[in-house]
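First the structure, in the form of structure tokens, and then the observations on it.
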Amino acid sequence: LKDANAKLQQLSKRKLWKEMQAILQDIRRKGHRPNIELYMLVISTLLERRLPAAAQKVLEEMAEDDLQPNSVAYYLVINGWCEARRVDEALNLVSSMRKSGIQLTVSMFNTIIKGLGAEKRARDAMKVLRIMEKHETLKPTVITYNILMNAWSEEENVKEAWTVMGMMRKAGVAPDVVSYNTLVKAYGKLNRPDDCERVMREMVDAPLRPDEQTFGLVVKAYCEQKRMEEALSLVKRMKRYNVVPNITIFTTLMKGFAKASKPDGAAQVFEMIKEQGIEPDIASFRTLMNAWSSSDQPDRARVTLDELLEAGLQPDVEIFSILAKGYLRVREGQKAEKLLEEMKNYGIQPNVVTYTTIISAYCSKSGEMEEAMRVFQAMQNAGVRPNVFTFGTLIWGYCESMKPRKAEELLAEMERMGLEPD
RNA sequence: CCGACUUAGCAAGG
């Protein structure tokens, strides 16, 4: 058993779940009893690989061995089903647990409510919460209510989110910062920054202190509307609440400037980051590069890339895809394609986005469809599967260059590959 | 008793 334990530890690191299952079976066949730790290791590996069905089987084997799995083990499997968008399986498991008298916990229901929300079933999630409210020992906590509020917010139903807030107050549970942030988020999705501000004021009256996330959400709402003046002034107002703007908020601002076609604004924000003594992270570099690339200035994106390298950060596939987009916008297919070599030097594998961007660059110029098709071939030779975007781009390119026959051929090829044209 | 589970930022001219 000790031996098996060590072996399983190794396999778990490499996520070799099939081998782990085999060892577990072997132990049991020989009439030994694996201990709880062994079982848990296999279960968590299976769940990491998104195999809740297999994990549940192991859970059942544990029970056969008279090892009562603890509630964390059950929670993990329930959560696994929910993350795999199979909430009904999670619900089945819960009802069989109830029949066998296995301890249920609030976390289990929290994850189910979240899963229902992810399946756009907030209405069902609401029912689950109401059942919990009537239960003696499984009363919803502030987290439960928040999860449900978020489910409504995802469905852009701010009215029901408020309803949940009312329910929690009625149940004697005080809304917290997360509850209010969720409402702010809901209004943000609805493009109503002014209502975001209103919720923030209500939050202050509660009294609760808005945090970085609150401001981040409101700043984003202004940015979506391209109301950059207000976004900036809100960031300045943060100090009054003793909240220091962080890298996320600055990045949100940069994205807003990029969206508003104001790359210089993004560059200024980038300077602000450094002035605050914050080290820009890879995401902020990407956002600034994207601001340059989206505004047809690949050379400036290139300068930013140099700065990234000087800062000692590792460029990644997204960085190069963004740079390729810059060349796409100025219709420089060759320069975009040349990035492939550069990436090779860094040991970065181009992905479907990178290739599709390069293909678009060729497609955007009449008479370069052959180049586009060459890259399309190279991509497949490199083992990268084209997707609907890739085909859509090529089909568009052929249509633009008045070659509908070619476009039709691609449409057929797409279907042969099992891709659904949209 | 303490944790854990909930809410913000970034890439593809279709």
Side-chain angles (χ1 to χ4, degrees), chain A residues 71-72 75-76 78-79 82 105-114 117 140-151 153-154 161 175-186 188 196 210-221 223 245-256 258-259 266 269 280-291 293-294 301 316-326 328-329 331 336 350-361 363-365 386-400 407 410 421-422:
Chain A
S71 57
V72 176
Y75 165 81
L76 289 173
I78 291 169
N79 190 42
C82 294
T105 68
V106 174
S107 313
M108 291 171 190
F109 287 95
N110 286 352
T111 196
I112 283 173
I113 289 175
K114 188 181 179 189
T141 68
V142 61
I143 292 178
T144 318
Y145 288 104
N146 288 346
I147 293 171
L148 183 55
M149 286 178 70
N150 188 53
S153 149
E154 291 291 342
D176 65 4
V177 179
V178 175
S179 323
Y180 282 96
N181 285 356
T182 305
L183 284 173
V184 172
K185 172 180 158 177
C196 292
D211 63 6
E212 286 89 344
Q213 294 199 31
T214 320
F215 287 99
L217 286 159
V218 186
V219 168
K220 188 181 180 190
C223 288
N246 60 15
I247 186 91
T248 300
I249 290 174
F250 285 122
T251 306
T252 306
L253 268 176
M254 286 199 290
K255 170 83 174 165
K259 189 184 173 93
V269 174
D281 63 3
I282 186 88
S284 57
F285 272 105
R286 279 190 206 116
T287 308
L288 179 58
M289 283 181 67
N290 189 41
S293 281
S294 312
D316 59 17
V317 62
E318 293 189 20
I319 291 282
F320 281 98
S321 301
I322 291 166
L323 191 49
K325 170 173 158 179
L328 152 64
R329 309 217 54 145
R331 304 184 178 190
N351 63 18
V352 59
V353 177
T354 326
Y355 279 112
T356 303
T357 308
I358 297 167
I359 290 168
S360 304
C363 288
S364 68
K365 218 165 166 184
N387 62 17
V388 183
F389 259 96
T390 320
F391 278 100
T393 303
L394 283 164
I395 290 170
W396 170 80
Y398 273 128
C399 291
E400 287 292 302
L410 281 165
D422 57 7

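Convention: sequence-line order gives letters A, B, ...; per-chain numbering from 1. As the structure is a computational prediction, the values presented were derived from the model and not from experiment.
Across all strands, A:Asp211 comes closer than 4.0 Å to no nucleic acid atom at all (heavy-atom distances). Heavy atoms of A:Asn351 sit under 4.0 angstrom from at least one base atom. The residue A:Tyr75 sits close only to the backbone: its heavy atoms come under 4.0 Å of sugar-phosphate atoms, none of a base. As judged by a 4.0 angstrom heavy-atom cut-off over every strand, A:Ile322 is placed among residues touching the sugar-phosphate backbone only. Residue contacts shown for A:Thr251 include a base, since a base heavy atom lies under 4.0 Å away. As judged by a 4.0 angstrom heavy-atom cut-off over every strand, A:Asp281 is placed among the base-contacting residues. Contacts of A:Thr111 with the nucleic acid, taken as non-hydrogen atoms under 4.0 Å apart, are absent. A:Thr252 comes within 4.0 angstrom of sugar-phosphate atoms only, judged by non-hydrogen atoms across all strands, and of no base. Within the 4.0 angstrom heavy-atom criterion, no nucleotide atom of any strand lies near A:Asn79. No contact: A:Val142 has no heavy atom under 4.0 Å from any strand. Among the atoms of the strands shown, only primed sugar atoms or phosphate atoms (P, OP1, OP2) are found under 4.0 Å from some heavy atom of A:Thr357. Residue contacts shown for A:Leu148 are absent, as no nucleic acid heavy atom lies under 4.0 Å away. Within the 4.0 angstrom heavy-atom criterion, base atoms lie near A:Asn110.
In this structure, the side chain of A:Thr111 does not engage the main chain of A:Asn79 through any donor-acceptor pair within 3.5 Å. Judged by distance alone, with hydrogens and angles left aside, the side-chain atoms of A:Asn146 form no donor-acceptor pair with the main-chain N or O of A:Met149 at under 3.5 Å.
Between A:Lys185 and A:Glu154, some side-chain heavy-atom pair lies under the 4.5 Å cut-off. The closest side-chain heavy-atom distance from A:Val177 to A:Gln213 is not below 4.5 Å.
A donor atom on one side chain and an acceptor atom on the other are not found under 3.5 Å apart for A:Ser107 and A:Asn110. Under the 3.5 Å distance criterion, with hydrogens and angles disregarded, no donor-acceptor pair is assigned to the side chains of A:Asn290 and A:Ser293.
A 4.0 Å heavy-atom criterion places the boundary nucleotides of RNA chain B facing chain A at B:A4 to B:G14, written 5' to 3'.
A:Ile319 contributes atom CD1, which lies 4.0 Å from atom CD1 of A:Ile282 (distance to the nearest 0.5 angstrom).
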